Amino acid sequence: MARIVQKFGGTSVADVNRIKAVAARVKREVDAGHQVIVVVSAMAGTTNQLVSWVNETSKLHDAREYDSIVASGEQITAGLTALALQELGVPARSWLGWQIPIRTDDSHGKARIESIDLSEIRARAETGEVAVVAGFQGVADGERITTLGRGGSDTSAVALAAAFEAERCDIFTDVEGVYTTDPRLVSRARKLDKITYEEMLEMASQGAKVLQTRSVEMAMNHRVRVQVLSSFVDAPGTLVVDEEEIVEQQVVSGIAYSRDEAKITLAGVTDRPGVAAAIFGPLADANINVDMIVQIVSRDGTTTDMTFTVPKADAAKAVKVLENARPVLSFHELIADTKVAKISVIGVGMRSHVGVAQKMFQTLAERQINIQVISTSEIKVAVLIAEEYLELALRALHTAYGLDTA
Ligand code: ADP
Ligand code: ASP
Ligand code: MG
């Protein structure tokens, strides 16, 4: 007997037939004698619809109402999955975040889980009842509903797996695992049998949405054994593991991309000590995350150009913040460009190999693709390019690093 968490994403619960298939899959584990917690997302497309209704109704909306609305998609699928299990003769009930409760902080829209009280679910699991938990949601002080950020059901699943001391946390999705890059953009992408926590964390944070970044962070901290696999086929997926478990480490394991960033350039800023703090301070105060940064000093040393990226969703706000700070910053021009994409090459093997970045620059140069900003970490090289070249660049890099399937 083992304890297992199974999470099903939006496409896996997209309609009643898919939900019945999910129930059949869960029943197999129950029949094998395992205790199971199921976590579900909303039906594919539902959360987007809910978000757009919120924005249509109120642009500067109350974040607490936003959460109450966008969390509702998971209530439907949790109830339906419980019903489908009951139809198969499996005792099951649905659980909303507040009913467990899954306690979070009060940063609505991107809340962090603080604690989970699993006592009731554990007791019922002992009797063979399956808990079907609505993913993506929790409850904050004042009993307000919170959500964990887009893609947050992954984090619900890993957090529940940690609290349940589960042997496995299976994340069922619409692809067969974690690939060397998004298989929907690069047909030659290869499925990885294993990937390290660290690489998966970097892949996720650089845009590969197959797992929410915070879920990987949590899996790493609590040593949860996460497997990513397809709910559509019966095949082993990708295991997220410790570095020691990987026998033959490639230099580059994967390539991630993001279309979610915008580039902002402040041209002709008067150069003086403290100028970076003067630019990035107000952005931080406005809760805007800055990712890549490059500074160019003018030839006479009096002015500087500062280019950086912010989330596309925050670009307009960032422009406003900087315009407001113009008297202090005294720049000539502010240019915002939302037609950019970031590509990141990732691999723990980079720590011990040189030339990874050079290969990236060379490959892009051969395709006449201009690099606008560069940033690196110990296991990553990222570049910002014009969005129109994204797919071309991805495919070229995938081939250059020897990642293509045979
Ligand atoms: P779910 O609804 O099941 O949570 P998501 O859409 O959130 O599914 O995540 C799965 C998607 O992630 C895939 O359909 C794929 O397009 C995308 N993806 C991006 N990068 C990768 C990658 N390296 N490996 C696998 N899938 C990836
Ligand atoms: N339904 C939520 C979303 O679309 C959570 C999730 O799917 O993980 O972001
Ligand atoms: Mg997802």
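The shown structure was predicted, so the numbers you read here are calculated from the model rather than taken from an experiment. Whatever order the structure lists ligands and atoms in, that order sets their numbers, starting from 1. Residue indices begin at 1 and follow the sequence shown.
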- Answer yes or no: does atom CZ of Arg64 have more than 12 heavy-atom neighbours from other residues, nucleotides or ligands under 6.0 Å? no
| query | For Phe232, does the CZ atom have more than 12 heavy-atom neighbours from other residues, nucleotides or ligands under 6.0 Å away? | reply | yes
Distance-only side-chain donor-acceptor flag, Asp67 / Thr146, under 3.5 Å: no
**Asked** N/O to N/O below 3.5 Å, does that happen between Ala208 and ligand 1?
**Response** no
TODO: Report yes or no: does Ser41 have a heavy atom closer than 4.0 Å to ligand 1?
DONE: no
shortest atom 25 (C) of ligand 1-to-protein heavy-atom contact is with Gly177 O, 3.3 Å
Within a strict 4.5 Å, meaning less than it, do heavy atoms of the Val158 and Gln212 side chains meet? no
If you scan protein heavy atoms around atom 1 (P) of ligand 1, the nearest is Thr173 OG1, 3.6 Å
Atoms of ligand 2 under 4.0 Å from any heavy atom of Thr47, numbered from 1 in the order shown, are 1 (N), 2 (C), 3 (C), 4 (O)
Output for pair (Ile4 CD1, Phe164 CZ), nearest 0.5 Å, gives 9.0 Å
Counting from 1 in the order shown, the ligand 2 atoms closer than 4.0 Å to a non-hydrogen atom of Ser41 are 6 (C), 7 (O), 8 (O)
min-distance protein heavy atom vs atom 7 (O) of ligand 1 -> Lys209 O, 3.5 Å
Arg184 heavy atoms within 4.0 Å reach ligand 1 at atoms 13 (C), 14 (O), 15 (C), 16 (O)
Going by distance only, is there an N or O of Glu74 that falls short of 3.5 Å from an N or O of ligand 2? yes
So is there a nitrogen or oxygen of Thr11 less than 3.5 Å from a nitrogen or oxygen in ligand 1? no
Note to self: Quick check on Asp117: does its CG atom have over 12 non-hydrogen neighbours (other residues, nucleotides or ligands) under 6.0 Å away?
What the structure shows: yes
**Item:** Verdict with reasoning, Arg225 to Glu245, per salt bridge (charged side-chain N to carboxylate O under 4.0 Å, His left out)
**Value:** CA-CA 12 Å; Arg225 233 179 143 71; Glu245 283 190 53; 3.4 Å; yes
At under 4.0 Å between heavy atoms, what of Thr180 touches ligand 1? The answer is neither
**Asked** Counting heavy atoms not belonging to Lys27, are there more than 12 under 6.0 Å from its NZ?
**Response** no
field: Any donor-acceptor N or O pair under 3.5 Å, side chains Glu199, Thr196
entry: yes
Does ligand 2 have an atom that lies less than 4.0 angstrom from a heavy atom of Gly152? yes
Closest to atom 13 (C) of ligand 1 among protein heavy atoms sits Asp174 OD1, 3.5 Å
Atoms of ligand 1 under 4.0 Å from any heavy atom of Met203, numbered from 1 in the order shown, are 23 (N)
Checklist entry - How about Lys342 and Gln206: do any of their side-chain heavy atoms sit closer than 4.5 Å? => result yes
Rounded to the nearest 0.5 angstrom, the CD-CD distance for Glu120 and Gln99 is 11.0 Å
Short version for Ala256: what comes under 4.0 Å of ligand 1, heavy atoms counted, is neither
*Please work out whether the ring planes of Phe172 and Phe8 are parallel, tilted or perpendicular, with thresholds of 30° and 60°.*
parallel
Rounding to 0.5 Å, atoms CE (Met200) and CG (Leu211) come to a distance of 4.5 Å
inquiry  = Any nitrogen or oxygen of Gly151 lying under 3.5 Å from a nitrogen or oxygen in ligand 2? Just yes or no.
reply    = yes
among protein heavy atoms, the one nearest atom 4 (O) of ligand 1 is Lys7 NZ, 3.2 Å
| said: Test your reading of the structure: does Asp154 have an N or O sitting under 3.5 Å from an N or O of ligand 1? | reply: no
Ranked by distance from atom 15 (C) of ligand 1, the top protein heavy atom is Asp182 OD1, 3.3 Å
Residue, atom and distance of the protein heavy atom nearest atom 3 (C) of ligand 2 read Arg150 NE, 3.3 Å
Any N/O pair Lys7/ligand 2 closer than 3.5 Å: no
Applying ring-ring contact (aromatic ring centres under 6.0 Å, His included) to Phe136 and not counting sequence neighbours gives none
Salt bridge (charged side-chain N to carboxylate O under 4.0 Å, His left out) between Glu129 and Arg93: does it pass, once the steps are laid out?
CA-CA 8 Å; Glu129 186 177 283; Arg93 75 153 274 190; 5.3 Å; no
Within the 4.0 Å heavy-atom cut-off, what Val175 brings close to ligand 1 is side chain
Closest to atom 6 (C) of ligand 2 among protein heavy atoms sits Ser153 OG, 3.4 Å
For the CD atom on Gln86, are there more than 12 heavy atoms of other groups (residues, nucleotides or ligands in this structure) within a distance under 6.0 Å? yes
Ranking Tyr179, Phe8, Phe172 by closest non-hydrogen atom to atom 22 (C) of ligand 1, top hit is Tyr179
Taking only non-hydrogen atoms of Val178 and a 4.0 Å limit, the atoms of ligand 1 in range are 24 (N)
Going by the 4.0 angstrom heavy-atom rule, the piece of Arg150 near ligand 1 is neither
Atom 2 (O) of ligand 1 has as its nearest protein heavy atom Gly10 N, 3.1 Å
Residue, atom and distance of the protein heavy atom nearest atom 27 (C) of ligand 1 read Val210 CB, 3.8 Å
